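Read through the structure below, which is laid out as structure tokens, and then see the notes.
The residues of the chain are indexed from 1 along the displayed sequence. What you see is a predicted model, and the numbers here were worked out from it, not measured in a lab.
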Amino acid sequence: TLLDYLAGKEQPPVMQEQLRNASNNVSKLTHKMEILLTLFRAKKKKIVMECASCNLAQKCRDLLSELEIIYQDKQAECKLSIPENLDIHVDPLYFEAALRNLLDNAFKYSDACAKLEIKAIREQKQLHICITDSGTGIPQKEHEKIFQEFYRADNNSKGNGIGLAFTHQIVKAHKGRIRLESKLGEGSQY
């Protein structure tokens, strides 16, 4: 779109902000379309991964800086506990999309003054990436179903039920596992 171009031109500050918001919304819609396409492709055949080295701490910082602008009303406090030299071998496009989805959910389902923590723990040959939020939480009875396509938790009126199913498919394609720990009113951890 021409939104970024127009936002860069001499415009009143209010207009620049509206153009940036419009551009962010176009990016969100594009991301959602990619999620849907990936889910449908995964049903027909295996997702093809093109892995490369990626610095996890830097990738998280990049995504957080973008999401903090989008969710600036949340006044989020984000804590990153990832070694600076931790490089992972992932498909950059898919991994970023899955990580973005988890972080976006953490912001979206948290109240004002959101608290988020991303940490990476290496145990022998396994890497655990934990994303913790201070959101509304997910009832225990929903935990088994939350990664199913088009499923939305009872307390969730914001989502469309594709994000976590997509994230599950991407983690699985990376030969990983994803699980949820959550209690109502106490937030969630993936």
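With rounding to the nearest 0.5 angstrom, the SG atom of C60 is 6.5 Å from the CD1 atom of I131.
A parallel orientation is assigned to the rings of F107 and Y71, their planes being inclined by less than 30° (bins at 30° and 60°).
Between E181 and R179, at least one side-chain N (NZ, or NE/NH1/NH2) sits under 4.0 Å from a carboxylate O, which counts as a salt bridge.
Counted within 6.0 Å of CD on E77, heavy atoms from surrounding residues, nucleotides or ligands total 12 or fewer; the atom is thus considered open.
A continuous path of ILVMFWY side-chain contacts below 4.5 Å connects L180 to L102, so both sit in one hydrophobic cluster. One hydrophobic cluster, built from ILVMFWY side chains closer than 4.5 Å, holds both L127 and V90.
Taking the side chain as every heavy atom from C-beta outward, D62 and E96 never approach each other to under 4.5 Å. Side chains of T167 and N105 form no contact here, defined as non-hydrogen atoms less than 4.5 Å apart.
Of the possible donor and acceptor atoms, one in the side chain of S182 sits under 3.5 Å from a partner among the backbone N and O of I138. In this structure, the side chain of H168 does not engage the main chain of I178 through any donor-acceptor pair within 3.5 Å.
Looking at D133 and Y190, their side chains never bring a donor and an acceptor atom within 3.5 Å of each other.
When all heavy atoms are compared, the tightest approach of H174 to D91 is NE2-N, 3.0 Å.
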